[in-house]
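Note sheet for the following structure.
Values below: every heavy atom of this structure, side chains too, minus hydrogens, waters and symmetry copies. Below, chains carry the letters A, B, ... as their sequence lines are ordered, and counting in each starts from 1.
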Number of protein chains: 2
Amino acid sequence: MAWMTTTRWLTPDEMHAWRAFAQVNGPLLAALESDLTDHGLSLGDYEVLVLLSETTDHQMRMCDMSQHLGLSPSGLTRRLDGLVKAGYVERLPSTADRRVMLATITRIGLDTMARAVPDHVASVRLHLIDRLTPQQIEVLGTIFDNVGIGLGRTPAIP
Amino acid sequence: MAWMTTTRWLTPDEMHAWRAFAQVNGPLLAALESDLTDHGLSLGDYEVLVLLSETTDHQMRMCDMSQHLGLSPSGLTRRLDGLVKAGYVERLPSTADRRVMLATITRIGLDTMARAVPDHVASVRLHLIDRLTPQQIEVLGTIFDNVGIGLGRTPAIP
DNA sequence: AGAGTGTAGTTGCGTGTACAATAATTTGCA
DNA sequence: TGCAAATTATTGTACACGCAACTACACTCT
(Lines give C-alpha, C1' and ligand atoms only; values in the text may rest on other atoms or scores of the structure.)
Protein backbone atom coordinates (compact mmCIF):
# COMPACT_ATOMS: atom_id res chain seq x y z
CA MET A 1 0.00 0.00 0.00
CA ALA A 2 1.19 3.50 -0.77
CA TRP A 3 2.15 5.83 2.02
CA MET A 4 -0.86 7.67 3.31
CA THR A 5 -0.24 11.19 4.51
CA THR A 6 -2.92 13.74 5.33
CA THR A 7 -2.67 16.83 3.18
CA ARG A 8 -1.52 20.01 4.85
CA TRP A 9 -4.06 22.44 3.45
CA LEU A 10 -3.36 26.11 2.99
CA THR A 11 -4.19 28.52 5.78
CA PRO A 12 -6.38 31.52 4.86
CA ASP A 13 -3.31 33.75 4.56
CA GLU A 14 -1.51 31.22 2.41
CA MET A 15 -4.58 30.65 0.24
CA HIS A 16 -5.00 34.39 -0.19
CA ALA A 17 -1.39 34.87 -1.24
CA TRP A 18 -1.51 31.97 -3.68
CA ARG A 19 -4.80 32.98 -5.27
CA ALA A 20 -3.80 36.62 -5.59
CA PHE A 21 -0.58 35.58 -7.28
CA ALA A 22 -2.20 32.99 -9.55
CA GLN A 23 -4.97 35.30 -10.68
CA VAL A 24 -2.91 38.44 -11.26
CA ASN A 25 0.21 36.92 -12.76
CA GLY A 26 -1.25 36.32 -16.21
CA PRO A 27 -2.88 39.73 -16.64
CA LEU A 28 0.30 41.43 -15.41
CA LEU A 29 2.43 39.77 -18.06
CA ALA A 30 -0.24 40.46 -20.66
CA ALA A 31 -0.22 44.16 -19.77
CA LEU A 32 3.57 44.36 -19.97
CA GLU A 33 3.54 42.58 -23.32
CA SER A 34 0.78 44.80 -24.65
CA ASP A 35 2.74 47.96 -23.83
CA LEU A 36 5.63 46.70 -25.98
CA THR A 37 3.65 46.09 -29.16
CA ASP A 38 3.96 49.75 -30.17
CA HIS A 39 7.61 49.03 -30.87
CA GLY A 40 6.83 45.87 -32.83
CA LEU A 41 8.32 43.66 -30.14
CA SER A 42 6.96 40.82 -28.07
CA LEU A 43 8.14 40.38 -24.51
CA GLY A 44 10.18 37.41 -25.69
CA ASP A 45 11.80 39.41 -28.47
CA TYR A 46 12.62 42.15 -25.98
CA GLU A 47 14.28 39.68 -23.64
CA VAL A 48 16.51 38.45 -26.46
CA LEU A 49 17.59 41.96 -27.39
CA VAL A 50 18.29 42.91 -23.78
CA LEU A 51 20.33 39.76 -23.26
CA LEU A 52 22.43 40.40 -26.36
CA SER A 53 22.87 44.10 -25.65
CA GLU A 54 24.25 43.31 -22.20
CA THR A 55 27.04 41.08 -23.46
CA THR A 56 30.41 42.71 -24.04
CA ASP A 57 30.65 41.86 -27.75
CA HIS A 58 26.90 41.88 -28.40
CA GLN A 59 26.81 38.20 -29.27
CA MET A 60 26.05 34.90 -27.60
CA ARG A 61 25.88 31.20 -28.41
CA MET A 62 22.43 29.78 -29.06
CA CYS A 63 22.66 27.17 -26.31
CA ASP A 64 23.73 29.75 -23.73
CA MET A 65 20.83 31.96 -24.74
CA SER A 66 18.32 29.15 -24.42
CA GLN A 67 19.57 28.60 -20.87
CA HIS A 68 19.27 32.26 -19.92
CA LEU A 69 15.85 32.63 -21.52
CA GLY A 70 14.39 29.34 -20.25
CA LEU A 71 13.55 28.44 -23.83
CA SER A 72 13.95 25.13 -25.63
CA PRO A 73 16.54 25.01 -28.42
CA SER A 74 13.85 24.76 -31.07
CA GLY A 75 11.89 27.60 -29.55
CA LEU A 76 14.98 29.80 -29.62
CA THR A 77 15.70 28.88 -33.23
CA ARG A 78 12.27 30.07 -34.31
CA ARG A 79 12.37 33.16 -32.15
CA LEU A 80 15.64 34.13 -33.77
CA ASP A 81 14.14 33.46 -37.19
CA GLY A 82 11.70 36.28 -36.54
CA LEU A 83 14.33 38.64 -35.17
CA VAL A 84 16.64 37.92 -38.11
CA LYS A 85 13.86 38.57 -40.59
CA ALA A 86 13.14 41.87 -38.82
CA GLY A 87 16.82 42.78 -39.10
CA TYR A 88 17.39 43.04 -35.35
CA VAL A 89 19.73 40.06 -35.05
CA GLU A 90 22.21 38.25 -37.28
CA ARG A 91 23.53 34.69 -37.20
CA LEU A 92 27.30 34.27 -37.32
CA PRO A 93 28.87 30.81 -37.49
CA SER A 94 31.53 30.49 -34.83
CA THR A 95 35.04 29.94 -36.16
CA ALA A 96 36.20 28.36 -32.91
CA ASP A 97 33.49 25.69 -32.87
CA ARG A 98 31.76 24.99 -36.14
CA ARG A 99 28.71 23.55 -34.43
CA VAL A 100 27.98 26.87 -32.80
CA MET A 101 25.88 29.74 -34.09
CA LEU A 102 26.54 33.15 -32.57
CA ALA A 103 23.52 35.43 -32.43
CA THR A 104 24.58 39.06 -32.70
CA ILE A 105 22.40 42.11 -32.23
CA THR A 106 22.57 44.56 -35.13
CA ARG A 107 22.71 48.34 -35.10
CA ILE A 108 19.01 48.37 -35.98
CA GLY A 109 18.29 46.00 -33.13
CA LEU A 110 20.18 48.21 -30.69
CA ASP A 111 18.34 51.30 -31.89
CA THR A 112 14.99 49.57 -31.66
CA MET A 113 15.75 48.39 -28.16
CA ALA A 114 16.95 51.82 -27.09
CA ARG A 115 13.58 53.23 -28.15
CA ALA A 116 11.65 50.45 -26.42
CA VAL A 117 13.47 50.43 -23.09
CA PRO A 118 12.06 53.68 -21.63
CA ASP A 119 8.50 52.64 -22.43
CA HIS A 120 9.09 49.19 -20.99
CA VAL A 121 10.56 50.58 -17.78
CA ALA A 122 7.61 52.95 -17.51
CA SER A 123 5.30 49.97 -18.02
CA VAL A 124 7.00 47.97 -15.28
CA ARG A 125 6.68 50.99 -13.00
CA LEU A 126 3.05 51.59 -13.89
CA HIS A 127 1.85 48.04 -13.45
CA LEU A 128 4.14 46.77 -10.71
CA ILE A 129 6.83 48.84 -9.03
CA ASP A 130 4.98 52.10 -8.41
CA ARG A 131 2.08 50.20 -6.87
CA LEU A 132 4.34 48.91 -4.08
CA THR A 133 6.02 50.41 -1.04
CA PRO A 134 9.81 50.23 -0.78
CA GLN A 135 9.41 47.53 1.85
CA GLN A 136 7.13 45.49 -0.40
CA ILE A 137 9.63 45.84 -3.26
CA GLU A 138 12.40 44.49 -1.09
CA VAL A 139 10.28 41.58 0.09
CA LEU A 140 9.24 40.83 -3.49
CA GLY A 141 12.87 40.41 -4.48
CA THR A 142 13.58 38.19 -1.48
CA ILE A 143 10.51 36.06 -2.15
CA PHE A 144 11.43 35.24 -5.72
CA ASP A 145 15.08 34.75 -4.84
CA ASN A 146 13.96 32.11 -2.36
CA VAL A 147 11.55 30.49 -4.80
CA GLY A 148 14.20 30.54 -7.50
CA ILE A 149 16.68 28.79 -5.20
CA GLY A 150 14.10 26.06 -4.64
CA LEU A 151 13.83 25.68 -8.39
CA GLY A 152 17.58 25.34 -8.73
CA ARG A 153 18.33 28.90 -9.81
CA THR A 154 21.09 31.03 -8.38
CA PRO A 155 19.82 34.51 -7.51
CA ALA A 156 21.23 37.51 -9.39
CA ILE A 157 24.26 39.10 -7.76
CA PRO A 158 23.09 42.67 -6.97
CA MET B 1 6.99 67.92 -30.89
CA ALA B 2 6.11 65.11 -28.51
CA TRP B 3 6.44 65.61 -24.80
CA MET B 4 9.92 64.82 -23.66
CA THR B 5 10.21 63.29 -20.23
CA THR B 6 13.32 61.76 -18.77
CA THR B 7 12.83 58.12 -17.86
CA ARG B 8 12.72 57.26 -14.21
CA TRP B 9 15.02 54.27 -14.16
CA LEU B 10 14.73 51.48 -11.62
CA THR B 11 16.74 51.71 -8.41
CA PRO B 12 18.91 48.70 -7.55
CA ASP B 13 16.24 47.37 -5.18
CA GLU B 14 13.52 47.83 -7.78
CA MET B 15 15.63 46.26 -10.48
CA HIS B 16 16.43 43.32 -8.24
CA ALA B 17 12.76 42.73 -7.42
CA TRP B 18 11.70 42.97 -11.05
CA ARG B 19 14.44 40.70 -12.35
CA ALA B 20 13.90 38.10 -9.67
CA PHE B 21 10.21 38.04 -10.45
CA ALA B 22 10.64 37.99 -14.21
CA GLN B 23 13.21 35.20 -14.15
CA VAL B 24 11.54 32.90 -11.63
CA ASN B 25 7.93 33.31 -12.70
CA GLY B 26 8.13 31.05 -15.72
CA PRO B 27 10.00 28.18 -14.06
CA LEU B 28 7.63 28.33 -11.09
CA LEU B 29 4.57 27.87 -13.27
CA ALA B 30 6.37 25.16 -15.24
CA ALA B 31 7.11 23.27 -12.02
CA LEU B 32 3.52 23.51 -10.84
CA GLU B 33 2.27 22.32 -14.20
CA SER B 34 4.75 19.47 -14.31
CA ASP B 35 3.58 18.17 -10.94
CA LEU B 36 0.02 17.88 -12.27
CA THR B 37 0.80 15.75 -15.29
CA ASP B 38 0.67 12.57 -13.21
CA HIS B 39 -3.08 13.08 -13.05
CA GLY B 40 -3.39 13.71 -16.78
CA LEU B 41 -4.23 17.36 -16.23
CA SER B 42 -2.66 20.57 -17.40
CA LEU B 43 -2.71 23.61 -15.12
CA GLY B 44 -5.40 25.08 -17.38
CA ASP B 45 -7.52 21.94 -17.17
CA TYR B 46 -7.15 21.98 -13.40
CA GLU B 47 -8.31 25.59 -13.22
CA VAL B 48 -11.43 24.73 -15.19
CA LEU B 49 -12.29 21.82 -12.91
CA VAL B 50 -11.69 23.87 -9.76
CA LEU B 51 -13.85 26.68 -11.09
CA LEU B 52 -16.73 24.34 -11.92
CA SER B 53 -16.43 22.39 -8.69
CA GLU B 54 -16.75 25.59 -6.67
CA THR B 55 -20.06 26.64 -8.21
CA THR B 56 -23.20 25.60 -6.38
CA ASP B 57 -24.71 23.55 -9.21
CA HIS B 58 -21.36 22.52 -10.75
CA GLN B 59 -22.04 24.39 -13.97
CA MET B 60 -21.20 27.73 -15.56
CA ARG B 61 -21.78 29.63 -18.78
CA MET B 62 -18.91 29.62 -21.26
CA CYS B 63 -18.60 33.41 -21.38
CA ASP B 64 -18.48 33.67 -17.58
CA MET B 65 -15.79 31.01 -17.48
CA SER B 66 -13.67 32.79 -20.07
CA GLN B 67 -13.82 35.89 -17.87
CA HIS B 68 -12.79 34.03 -14.72
CA LEU B 69 -10.01 32.13 -16.48
CA GLY B 70 -8.65 35.04 -18.49
CA LEU B 71 -9.09 32.96 -21.62
CA SER B 72 -10.45 34.00 -25.01
CA PRO B 73 -13.78 32.47 -26.06
CA SER B 74 -12.14 30.37 -28.73
CA GLY B 75 -9.46 29.22 -26.33
CA LEU B 76 -12.09 28.12 -23.85
CA THR B 77 -14.04 26.27 -26.55
CA ARG B 78 -11.00 24.19 -27.43
CA ARG B 79 -9.99 23.65 -23.84
CA LEU B 80 -13.44 22.31 -23.12
CA ASP B 81 -13.20 20.08 -26.19
CA GLY B 82 -10.35 18.27 -24.50
CA LEU B 83 -12.09 18.04 -21.13
CA VAL B 84 -15.28 16.76 -22.76
CA LYS B 85 -13.35 14.13 -24.71
CA ALA B 86 -11.71 13.04 -21.45
CA GLY B 87 -15.14 12.75 -19.84
CA TYR B 88 -14.45 15.35 -17.13
CA VAL B 89 -16.94 17.93 -18.39
CA GLU B 90 -20.23 17.94 -20.31
CA ARG B 91 -21.88 20.61 -22.42
CA LEU B 92 -25.55 21.38 -21.65
CA PRO B 93 -27.51 23.84 -23.79
CA SER B 94 -29.22 26.38 -21.57
CA THR B 95 -33.00 26.37 -21.73
CA ALA B 96 -33.24 29.96 -20.49
CA ASP B 97 -30.99 31.40 -23.22
CA ARG B 98 -30.50 29.23 -26.24
CA ARG B 99 -27.25 30.97 -27.17
CA VAL B 100 -25.43 29.80 -24.07
CA MET B 101 -23.72 26.54 -23.35
CA LEU B 102 -23.45 25.42 -19.75
CA ALA B 103 -20.28 23.53 -18.94
CA THR B 104 -20.90 21.02 -16.16
CA ILE B 105 -18.32 18.95 -14.34
CA THR B 106 -19.06 15.23 -14.34
CA ARG B 107 -18.71 12.69 -11.56
CA ILE B 108 -15.50 11.50 -13.22
CA GLY B 109 -14.24 15.06 -13.35
CA LEU B 110 -14.96 15.57 -9.67
CA ASP B 111 -13.20 12.34 -8.75
CA THR B 112 -10.20 13.20 -10.88
CA MET B 113 -9.95 16.63 -9.31
CA ALA B 114 -10.32 15.20 -5.81
CA ARG B 115 -7.31 13.00 -6.50
CA ALA B 116 -5.30 15.85 -8.01
CA VAL B 117 -5.96 18.52 -5.38
CA PRO B 118 -3.76 17.13 -2.58
CA ASP B 119 -0.80 16.77 -4.92
CA HIS B 120 -1.35 20.24 -6.30
CA VAL B 121 -1.54 21.78 -2.84
CA ALA B 122 1.64 19.94 -1.91
CA SER B 123 3.25 21.28 -5.06
CA VAL B 124 2.26 24.86 -4.25
CA ARG B 125 3.69 24.35 -0.77
CA LEU B 126 6.90 22.81 -2.03
CA HIS B 127 7.69 25.40 -4.67
CA LEU B 128 6.22 28.56 -3.14
CA ILE B 129 4.52 28.68 0.24
CA ASP B 130 6.89 26.63 2.37
CA ARG B 131 9.85 28.64 1.07
CA LEU B 132 8.43 31.83 2.60
CA THR B 133 8.01 33.19 6.12
CA PRO B 134 4.50 34.05 7.33
CA GLN B 135 5.34 37.71 6.94
CA GLN B 136 6.49 37.19 3.35
CA ILE B 137 3.30 35.26 2.60
CA GLU B 138 1.19 38.10 3.86
CA VAL B 139 3.16 40.66 1.86
CA LEU B 140 2.90 38.49 -1.25
CA GLY B 141 -0.89 38.58 -1.02
CA THR B 142 -0.91 42.34 -0.50
CA ILE B 143 1.47 42.90 -3.40
CA PHE B 144 -0.63 41.04 -5.93
CA ASP B 145 -3.85 42.50 -4.58
CA ASN B 146 -2.39 45.95 -5.26
CA VAL B 147 -1.12 44.98 -8.70
CA GLY B 148 -4.46 43.38 -9.52
CA ILE B 149 -6.29 46.56 -8.55
CA GLY B 150 -4.08 48.49 -10.94
CA LEU B 151 -5.06 46.04 -13.65
CA GLY B 152 -8.74 46.54 -12.93
CA ARG B 153 -9.28 43.42 -10.83
CA THR B 154 -11.10 43.36 -7.55
CA PRO B 155 -9.18 41.41 -4.92
CA ALA B 156 -10.68 38.20 -3.55
CA ILE B 157 -12.81 38.67 -0.44
CA PRO B 158 -10.96 36.59 2.22
C1' DA C 1 44.36 7.49 -36.08
C1' DG C 2 39.62 5.64 -35.24
C1' DA C 3 35.40 4.35 -32.84
C1' DG C 4 32.27 5.79 -29.57
C1' DT C 5 30.14 9.36 -26.86
C1' DG C 6 28.58 13.95 -26.11
C1' DT C 7 27.11 18.65 -27.71
C1' DA C 8 24.88 22.39 -30.91
C1' DG C 9 21.50 23.65 -33.80
C1' DT C 10 17.57 22.77 -37.01
C1' DT C 11 13.25 20.57 -38.64
C1' DG C 12 8.74 17.82 -38.43
C1' DC C 13 4.88 17.38 -35.77
C1' DG C 14 1.45 18.03 -32.14
C1' DT C 15 -0.59 21.21 -28.80
C1' DG C 16 -2.45 25.46 -27.01
C1' DT C 17 -3.81 30.18 -27.72
C1' DA C 18 -5.54 34.63 -29.92
C1' DC C 19 -7.83 37.19 -33.64
C1' DA C 20 -11.28 37.60 -37.17
C1' DA C 21 -15.34 36.01 -39.27
C1' DT C 22 -19.69 33.61 -38.81
C1' DA C 23 -24.20 31.79 -37.12
C1' DA C 24 -27.77 31.76 -33.76
C1' DT C 25 -30.19 34.15 -30.44
C1' DT C 26 -31.59 37.90 -27.39
C1' DT C 27 -32.33 42.74 -26.28
C1' DG C 28 -33.55 47.51 -27.06
C1' DC C 29 -36.10 50.93 -29.08
C1' DA C 30 -38.90 53.34 -32.50
C1' DT D 1 -44.62 44.67 -33.79
C1' DG D 2 -40.39 44.75 -36.16
C1' DC D 3 -35.83 45.79 -37.15
C1' DA D 4 -31.07 47.20 -35.61
C1' DA D 5 -27.57 46.30 -32.26
C1' DA D 6 -25.52 43.48 -28.87
C1' DT D 7 -24.31 38.91 -26.97
C1' DT D 8 -22.81 33.90 -27.10
C1' DA D 9 -20.41 30.25 -28.90
C1' DT D 10 -17.88 28.05 -32.63
C1' DT D 11 -14.70 27.62 -36.68
C1' DG D 12 -10.77 29.00 -39.85
C1' DT D 13 -6.29 30.67 -39.65
C1' DA D 14 -1.89 31.97 -37.89
C1' DC D 15 1.65 31.92 -34.48
C1' DA D 16 4.59 30.32 -30.50
C1' DC D 17 6.38 26.60 -28.05
C1' DG D 18 8.11 21.75 -26.63
C1' DC D 19 9.48 17.04 -27.79
C1' DA D 20 11.70 13.79 -30.68
C1' DA D 21 14.49 12.86 -34.53
C1' DC D 22 18.23 14.25 -37.29
C1' DT D 23 22.75 16.28 -38.99
C1' DA D 24 27.07 18.09 -38.09
C1' DC D 25 30.82 18.64 -35.31
C1' DA D 26 33.92 18.13 -31.09
C1' DC D 27 35.89 15.46 -27.55
C1' DT D 28 37.74 11.08 -25.27
C1' DC D 29 40.02 7.00 -24.80
C1' DT D 30 42.54 3.32 -26.41
Just how far, in rounded Å, is [atom2] of [N] from [atom1] of [X]?
X      : N       : atom1 : atom2 : result
R99(B) : dT25(C) : CZ    : C1'   : 5 Å
R78(B) : dT11(D) : CZ    : P     : 8 Å
R91(B) : dT8(D)  : CZ    : P     : 17 Å
E33(A) : dC15(D) : CD    : P     : 15 Å
L71(A) : dT10(C) : CG    : P     : 13 Å
Q59(A) : dG9(C)  : CD    : P     : 12 Å
L69(A) : dG18(D) : CG    : P     : 10 Å
L80(B) : dT10(D) : CG    : P     : 8 Å

**Prompt:** Would you say E54(A) has more than 12 foreign heavy atoms packed within less than 6.0 Å of its CD?
**Reply:** yes
**Prompt:** CD of Q136(B): more than 12 outside heavy atoms within 6.0 angstrom?
**Reply:** yes
**Fill in**
Between D97(A) and P73(B), whichever has its closest DNA chain D nucleotide further toward 5' is P73(B)
**Message:** Please compare A96(A) and G44(A) by the position of their nearest nucleotide in DNA chain D and report the one closer to 5'.
**Reply:**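 Upstream on the strand: G44(A).
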**Message:** Heavy atoms from C-beta onward define the side chain here; which of dT26(C), dA16(D), dG9(C) lies closest to that of R79(A)?
**Reply:** dA16(D)
**Request:** Treat each ILVMFWY residue as a node, draw an edge where side-chain heavy atoms are under 4.5 Å apart, and state whether F21(A) and L126(B) are in one component.
**Result:**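 No; L126(B) is not reachable from F21(A) via cluster members.
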**Prompt:** Is a donor-acceptor contact shorter than 3.5 angstrom present between the side chain of T77(A) and the base of dG9(C)?
**Reply:**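 There is none.
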**Asked** With distance as the sole criterion, do the side chain of S74(B) and the base of dC19(C) form a donor-acceptor contact below 3.5 Å?
**Response**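 Present.
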**Asked** Below 4.0 angstrom from OP1 or OP2 of dC25(D), is there any side-chain N or O of R98(A)?
**Response**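 Checking dC25(D) against R98(A), a side-chain N or O does come within under 4.0 Å of OP1 or OP2.
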**Item:** Audit row: V100(B), C63(B), side chain to side chain contact (heavy atoms under 4.5 Å, CB included) steps and yes/no
**Value:** CA-CA 8 Å; V100(B) 313; C63(B) 60; 5.8 Å; no
**Request:** For a side-chain hydrogen bond (donor to acceptor under 3.5 Å, both in side chains) with R91(A), tell me which candidate from D81(A), T77(A), T104(A) qualifies.
**Result:** D81(A)
